[in-house]
Chemist: 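Let me begin by handing over the structure; questions about it come next.
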Amino acid sequence: MPPTDRQADVARWIDAAQRIVVLTGAGISTDSGIPDFRGPQGVWTRNPAAEKQSTIQNYLADKEVRKAAWRGRLEHTAWSARPNRGHDALVTLERRGKLHALITQNVDELHQIAGNSPDKVIEVHGTIRRVMCWQCGERAPMEKALARVRAGEEDPACRSCGGILKSDTISFGQALVPEVIDQAMTAAGEADLLLAIGSTLQVYPVAGAVPLAKRAGAKVVIVNAEPTGMDELADAVLRGSIGEILPAICAAPPPAH
Ligand code: NAD
């Protein structure tokens with residue numbers, strides 16, 4: 001599909017930029033088969049009770065909630081998901097030497113699997129590919145815990161201390177990791193262009209990276225299918241499919257003759 005005029009403007013800004021900070025939300029992974037939470041087909045839009053079940057207090061207090069969570073993890077769409085054209089476009093941005101940091105709210109690691117350097121990716125909500133013991137803090141690969149669930153353990157406990165295991169993600173009611181948020185906000189303040197992709201920009205403090213970058217002088221571009229809470233402060237809003245828009249705006253321009 002040929003780029004629109006506005007996409008062509010953004011492609012020129014990307015060409016001129018040197019320190020692009022990207023902020024991604026669940027919308028970049030829907031084309032990989034992982035549903036978002038708040039979009040029209042989102043997990044919470046279809047089942048508002050699911051949001052309550054995912055609070056940390058319920059998880060820690062109720063073995064039945066944990067058993068259901070482990071059954072859900074076994075079947076998670078992320079295990080078979082592959083990066084899509086949107087993820088690939090951000091790898092292009094890094095290969096062009098333009099990516100300063102990639103802040104993601106996603107927990108699927110598809111940016112790293114696509115080929116972005118792990119040291120560029122700031123996972124503000126953690127990853128589902130690891131487990132963490134709520135008691136001793138030990139971390140281990142998710143795959144090992146899932147193998148125990150497949151073998152019949154309904155709520156596998158920490159091998160070291162017997163504590164409650166959970167995916168190493170930030171659940172509702174759980175504190176964010178201050179060092180990780182600091183790293184994300186520092187990067188946003190250093191951007192010359194901030195690209196927010198596939199997020200309703202409702203979850204703070206991460207959404208605050210957008211006004212922070214703007215105040216520090218960055219251009220702000222939002223790519224999302226629906227309006228977001230930050231559209232008013234953006235220099236450009238590209239409304240549509242991430243898988244179509246990102247390849248068009250991130251590609252290197254053809255060589256001049
Ligand atoms: P969100 O669910 O609040 O919003 C996603 C937005 O993306 C919606 O506005 C939706 O319209 C848009 N969108 C979806 N598919 C799109 C597409 N193909 N093209 C264009 N736009 C599209 O997402 P959020 O703000 O990131 O918040 C959800 C939270 O839940 C995140 O913080 C994250 O931690 C977690 N989450 C992660 C994953 C994942 O890792 N893939 C999936 C679901 C939820």
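As a basis for the values below, the full set of heavy atoms in this structure was taken, side chains included, without hydrogen atoms, waters or symmetry mates. Please read all numbers here as calculations on a predicted model, not as lab measurements. Ligands are counted one by one from 1 in listed order, and the atoms in each one are counted from 1 as well.
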Chemist: Determine, considering heavy atoms only, which of Ser199, Ala26, Gly198 sits nearest to atom 25 (O) of ligand 1.
Modeler: Ser199
Chemist: Does only the side chain of Thr30 get under 4.0 Å from ligand 1, or the backbone, or both, or neither? Count heavy atoms.
Modeler: side chain
Chemist: From the options Thr127, Thr24, Val124, Ile128, select the one residue that forms a side chain to side chain contact (heavy atoms under 4.5 Å, CB included) with Asn106.
Modeler: Thr24
Chemist: Take atom CZ of Arg150 as the centre, draw a 6.0 Å sphere, and report whether it contains more than 12 heavy atoms from other residues, nucleotides or ligands.
Modeler: yes
Chemist: Salt bridge check, Asp235 against Lys214: does any charged N sit closer than 4.0 Å to a carboxylate O?
Modeler: yes
Chemist: Report yes or no: do Thr104 and Glu123 form a side-chain donor-acceptor pair below 3.5 Å?
Modeler: no
Chemist: Under 4.0 Å from any heavy atom of Gly240, which atoms of ligand 1 are there?
Modeler: 19 (N), 20 (C)
Chemist: Say whether Gln105 and Ser199, considering side chains only, have a donor N or O and an acceptor N or O under 3.5 Å apart.
Modeler: yes
Chemist: Check each heavy atom of Val206 against ligand 1 and say whether those closer than 4.0 Å belong to the side chain, the backbone, both or neither.
Modeler: neither
Chemist: Go through the side-chain N and O atoms of Glu94 and Asn116 and say whether any donor and acceptor fall under 3.5 Å apart.
Modeler: yes
Chemist: Does an N or O anywhere in Pro35 fall below 3.5 Å from an N or O of ligand 1?
Modeler: no
Chemist: Could you list the atoms of ligand 1 found under 4.0 angstrom from a heavy atom of His125?
Modeler: 31 (C), 32 (O), 33 (C), 34 (O)
Chemist: Any idea which atoms of ligand 1 are less than 4.0 Å away from a heavy-atom of Asp108?
Modeler: 39 (C), 40 (O), 41 (N)
Chemist: Output yes when the distance from some N or O of ligand 1 to some N or O of Ser241 is under 3.5 Å, and no in every other case.
Modeler: no
Chemist: Quick check: Gly25 and ligand 1, any N/O pair under 3.5 Å apart?
Modeler: no
Chemist: Only heavy atoms of Val107, strictly under 4.0 Å: list the atoms of ligand 1 that pass.
Modeler: 39 (C), 40 (O)
Chemist: Can you list the atoms of ligand 1 that are under 4.0 Å from a heavy atom of Ile34?
Modeler: 41 (N)
Chemist: Would Thr30 and Asp36 count as having a side-chain donor-acceptor pair, cut-off 3.5 Å?
Modeler: no
Chemist: Could you check whether any side-chain heavy atom of Leu195 comes within less than 4.5 Å of a side-chain heavy atom of Ile222, counting everything from C-beta outward?
Modeler: no
Chemist: Should you measure from each heavy atom of Ser29, which atoms of ligand 1 turn up under 4.0 Å away?
Modeler: 41 (N)
